Protein chains: 2
Amino acid sequence: MAGIKDVAAEAGVSVATVSRVLNDHPSVSPDARSRVLAAVAALGYRPNAVARSLRTDQTRALGLVISDVLNPYFTELARSVEEEARALGYSVVIGNADERPDLQDHHVRTLLDRRIDGLLVSPADGGSPLMLEAARAGTPMVFVDRWIPGLDVPVVRADGRGAVRDLVAHLHGLGHRRLAIIAGPAATTTGSERVEAFRAALAEYGVGLPDAYVGQGDFQAESGRRATERFLDLPEPPEVVFAADNLMALGALDAIRARGMRVPEDIALAAFDDIPWFVHTDPPVTAVAQPTGELGRAAVRALVDRIEGRTPRSVTLPARLVVRRSCGESDEGGEGTGRPGAGAPAGAPETPASRVQRSTP
Amino acid sequence: MAGIKDVAAEAGVSVATVSRVLNDHPSVSPDARSRVLAAVAALGYRPNAVARSLRTDQTRALGLVISDVLNPYFTELARSVEEEARALGYSVVIGNADERPDLQDHHVRTLLDRRIDGLLVSPADGGSPLMLEAARAGTPMVFVDRWIPGLDVPVVRADGRGAVRDLVAHLHGLGHRRLAIIAGPAATTTGSERVEAFRAALAEYGVGLPDAYVGQGDFQAESGRRATERFLDLPEPPEVVFAADNLMALGALDAIRARGMRVPEDIALAAFDDIPWFVHTDPPVTAVAQPTGELGRAAVRALVDRIEGRTPRSVTLPARLVVRRSCGESDEGGEGTGRPGAGAPAGAPETPASRVQRSTP
DNA sequence: ATCTCCTGTGTAATCGATTCCACGAGGAGG
DNA sequence: CCTCCTCGTGGAATCGATTACACAGGAGAT
């Protein structure tokens with residue numbers, strides 16, 4: 001493969017001049033410039049990014065360590081990250097942690113070895129020594145979706161509290177009083193936050209969240225199935241299962257179907273993270289939708305700001321509720337179809353229409 | 001960040017010795033080795049992969065240019081590719097072409113500039129000059145799923161003909177005679193092959209495939225919707241729609257639902273590519289399942305063979321039919337529930353049970 | 001006409017590793 | 001005791017770019 005020396009020879013100039021043309025440095029004569037360009041075209045020369053990176057100490061590549069590529073939420077996130085990065089002139093190298101801290105560390109280490117300019121992470125755990133070390137060492141870094149508390153690293157994420165409150169209002173309005181949640185790993189922020197938001201919203205309606213109604217999941221489908229089976233085995237099973245991510249909702253659907261029960265007649269189901277398939281499941285699933293694409297783009301902008309010496313900002317975007325049929329039918333107003341006395345209590349929060357979308361496929 | 005020189009100084013040896021220890025070259029004394037190892041640990045030294053790559057002319061990275069990351073089939077493929085690559089000591093850099101040839105070229109160029117050791121591609125088109133040039137220039141390359149004819153590049157893919165024949169047998173047995181297909185872009189191999197396999201299987205049953213029953217799609221959901229609407233507007237609409245990939249099937253489901261029609265009562269639906277969500281759609285979708293994970297692994301093995309000087313082999317694995325409810329109910333035998341006279345004609349191919357799976361969720 | 005200053009260009013150092021080659025010490029064989 | 005290997009080691013070249021520095025030559029100022 002042709003190198004810069006070949007181009008220089010072909011154009012009858014020095015390598016310095018070739019380099020200057022390539023990086024359009026001002027002081028090159030029009031004549032030399034055109035000869036170099038001609039030589040580049042003739043030889044089909046492409047600069048060696050490896051050599052360039054060694055010299056300039058920048059790779060123009062971003063590392064993205066994602067919790068689970070098979071989760072459509074993260075797939076969409078990855079896609080938007082790549083798009084924005086490309087627009088800003090960066091490539092993205094993806095590492096899939098598969099919700100495993102050891103794999104996550106493997107990828108972080110590999111990416112660091114490859115000297116990526118910055119790291120975008122949605123941690124699968126509470127923070128390994130490696131990650132803490134990298135953050136402290138000053139590696140440009142941004143957390144997306146999940147984060148590790150106590151580190152001075154910008155976080156780009158969605159705040160689901162409002163939408164979860166809307167969801168609880170919706171469920172309460174339908175007359176449901178025994179509500180259960182399948183949580184993610186407590187070591188992740190999204191694992192614990194979603195439970196807390198749910199519990200707080202329930203409290204506003206005077207409804208408690210007993211321990212038996214908090215299932216332990218790991219954001220994978222199989223754990224959703226197991227947690228749901230445990231719920232169904234309870235002497236008094238819940239009327240609603242809220243899964244903290246879409247894959248666990250899938251598992252819950254499996255478990256419910258396996259018992260021959262129907263959604264929403266026998267039990268209601270809702271999920272965190274909205275995905276295109278929820279429109280087509282049987283029944284369509286009510287979900288809390290994150291502005292996924294916007295999160296990915298904001299995360300990249302924050303990271304690139306950090307890399308290029310500007311001050312990065314943390315970003316929190318609101319999630320919103322998308323009502324479908326999996327929790328029961330409701331009329332246009334969304335209230336009044338439940339059991340007698342199921343209206344919102346005095347002092348209960350208003351549900352801004354802007355945050356709730358009724359989806360009737 | 002500490003470099004090899006710092007390690008050498010710390011250990012009291014030369015950089016050459018440090019390098020030898022790191023690459024476990026035989027001729028290093030046990031004493032020097034342990035001093036170097038201690039220094040490495042003390043400084044937290046990690047070799048700079050960029051510098052190493054420049055010198056050795058290998059990056060131990062593979063490029064994967066995928067047609068569409070949002071398509072769960074490709075997501076799963078990407079995942080298995082990364083797994084196998086990691087097992088063999090390689091990283092994977094993914095580029096998402098979004099079914100756009102220009103984006104595909106962008107990624108191929110970027111990956112080549114970064115001097116990846118080899119390229120795994122599922123072409124979004126019939127072959128751009130850039131790709132042909134790269135293949136001819138001797139870049140280690142393997143095609144996966146789709147390929148470009150006329151190039152001496154190994155291909156790893158699934159052969160869907162048997163499964164499509166099984167599908168047609170299933171549909172014919174259910175009494176369907178007007179069968180339509182939503183094809184992918186003719187420029188892709190999977191775009192044209194699947195239509196041909198379908199047409200050939202129909203011919204075995206004496207059924208034709210009129211032009212009006214061949215919809216033009218681009219492997220994206222929206223095109224599936226449009227093609228389906230066109231089918232439904234026909235004076236004599238088809239009884240079955242077979243979508244050549246899962247996203248177009250999703251679009252078809254949308255279009256059918258939008259007309260207030262039901263699957264399979266009003267119209268039957270089948271898809272190429274099986275995905276986890278098809279179990280939970282309304283109704284569960286009958287699909288041709290590819291051995292996706294095995295394809296990804298085989299593709300990586302072929303590419304690494306090529307890179308490391310062994311002779312790579314093309315691989316073709318059989319797909320199989322997974323019967324669910326979207327084409328109509330059928331009894332255990334899968335035959336005889338259709339209209340009178342709907343049995344398989346004499347000489348029609350046998351349906352090996354091993355290739356057909358009945359899925360009753 | 002001489003002195004500056006500016007523009008365009010080339011030479012060479014540099015980034016952080018790998019690796020060829022030379023060399024000294026020490027053991028084996030004669 | 002001398003020669004010849006082998007083993008362990010270090011010096012220096014190398015990979016392909018970027019860039020600091022030096023410098024030649026022409027324009028403009030005095």
Side-chain angles (χ1 to χ4, degrees), chain A residues 1-40 43-61 89 91 109-117, chain B residues 1-40 43-61 89 91 109-117:
Chain A
M1 189 160 282
I4 197 172
K5 273 189 249 176
D6 305 294
V7 177
E10 173 83 8
V13 297
S14 73
V15 293
T17 300
V18 175
S19 177
R20 280 189 272 256
V21 171
L22 263 31
N23 298 286
D24 42 40
H25 189 287
S27 68
V28 179
S29 69
D31 175 56
R33 162 171 271 102
S34 67
R35 290 219 312 285
V36 168
L37 259 19
V40 165
L43 297 172
Y45 167 78
R46 300 244 81 211
N48 182 328
V50 174
R52 188 203 298 260
S53 292
L54 177 60
R55 185 61 232 256
T56 62
D57 200 38
Q58 50 157 319
T59 50
R60 294 202 77 80
S91 296
R109 201 181 333 263
T110 306
L111 292 168
L112 257 22
D113 285 354
R114 292 185 186 277
R115 298 300 192 267
I116 42 108
D117 292 341
Chain B
M1 186 159 283
I4 197 172
K5 273 189 253 183
D6 305 295
V7 176
E10 173 83 8
V13 296
S14 73
V15 293
T17 299
V18 176
S19 177
R20 280 190 273 258
V21 170
L22 263 31
N23 297 285
D24 40 41
H25 189 286
S27 69
V28 179
S29 68
D31 175 56
R33 160 169 274 104
S34 68
R35 290 220 309 288
V36 168
L37 260 18
V40 165
L43 298 173
Y45 167 77
R46 300 244 80 210
N48 182 329
V50 174
R52 190 204 295 265
S53 292
L54 176 60
R55 185 60 232 260
T56 61
D57 200 37
Q58 52 158 312
T59 50
R60 294 203 76 80
S91 296
R109 204 184 326 269
T110 306
L111 292 169
L112 256 23
D113 285 354
R114 291 186 187 278
R115 299 300 192 266
I116 43 108
D117 292 341

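Within every chain, numbering begins at 1; the chains are lettered A, B, ... in the order of the sequence lines, protein sequences first and strands thereafter. What you see is a predicted model; the values in this text were computed from it and never measured.
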Sorted by first residue and then second, give each salt bridge (Lys or Arg N to Asp or Glu O under 4.0 Å) pair with at least one member in residues 18-29 of chain A; sequence neighbours left out.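 For residues 18-29 of chain A: none.
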For [X] and [Y], work out which heavy atoms get closest and say how close.
X     : Y     : value
B:V13 : B:R35 : CG1-NH2, 3.6 Å
B:L54 : A:L54 : CD2-CD2, 3.3 Å
A:T17 : A:A32 : CG2-CB, 4.3 Å
A:D6  : A:G3  : OD2-N, 2.6 Å
B:A39 : B:A11 : CB-CB, 3.9 Å
B:A8  : B:V15 : CB-N, 3.7 Å

Can you tell me how far apart CD1 (B:I4) and CG (B:L43) are? Round to the nearest 0.5 Å.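 Answer for the CD1-CG pair, B:I4 versus B:L43, is 12.0 Å.
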Please identify each residue that fulfils side-chain contact (heavy atoms from CB on, under 4.5 Å) with [X], with sequence neighbours left out.
X     : value
A:N48 : A:V50, A:A51, B:R115
A:A9  : none
A:V40 : A:V7, A:L22, A:V36, A:Y45
B:S34 : none

Please list each protein N or O that sits under 3.5 Å from an N or O in nucleotides 23-27 of chain C, with the distance.
none

Tell me which residues in residues 17-29 of chain B lie within less than 4.0 Å of DNA chain D, going by non-hydrogen atoms.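 Result for residues 17-29 of chain B: B:T17, B:R20, B:S27, B:V28, B:S29, sorted by number.
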Can you tell me how far P of C:dA17 sits from CG of A:D113, to the nearest Å?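 A:D113 atom CG is separated from C:dA17 atom P by 10 Å.
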Spacing of B:R60 atom CZ relative to C:dT18 atom C1', expressed in whole Å: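 From B:R60 CZ to C:dT18 C1': 15 Å.
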Would you work out how much the helix from C:dA1-D:dT30 to C:dG30-D:dC1 bends between its ends, with each end axis defined by five base pairs, to 10 degrees?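 It comes to 50° between the two terminal axes.
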Under 3.5 Å: donor-acceptor pair, side chain of A:R114, backbone of B:A49: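 No.
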Where does the chain A footprint on DNA chain D start and end, counting 5' to 3' with a 4.0 Å heavy-atom cut-off?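 In short, chain A contacts DNA chain D from D:dG16 to D:dT19.
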Pairwise 5' ranking along DNA chain D for B:V13 and B:D57, keeping only the more 5' one: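 First, find each residue's nearest nucleotide; the 5'-ward one identifies B:V13.
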Using heavy-atom distances to pick each residue's nearest nucleotide on DNA chain D, tell me which of A:G3 and B:D31 is more 5'.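 Here B:D31 is the residue nearer the 5' end.
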If you look only at pairs with a residue in residues 49-58 of chain B, which of them pass as a side-chain hydrogen bond (donor to acceptor under 3.5 Å, both in side chains), with sequence neighbours excluded?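 Qualifying pairs: B:N23-B:R52.
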Give, ordered by number, those residues of residues 47-56 of chain A having at least one heavy-atom distance below 4.0 Å to an atom of DNA chain C; if nothing qualifies, reply none.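 The stretch gives A:L54, A:R55 as the residues lying under 4.0 Å from the strand, ordered by number.
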With A:R46 via salt bridge (charged side-chain N to carboxylate O under 4.0 Å, His left out) - residues at least two apart: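 A:R46 satisfies salt bridge (charged side-chain N to carboxylate O under 4.0 Å, His left out) with B:D113 once adjacent residues are dropped.
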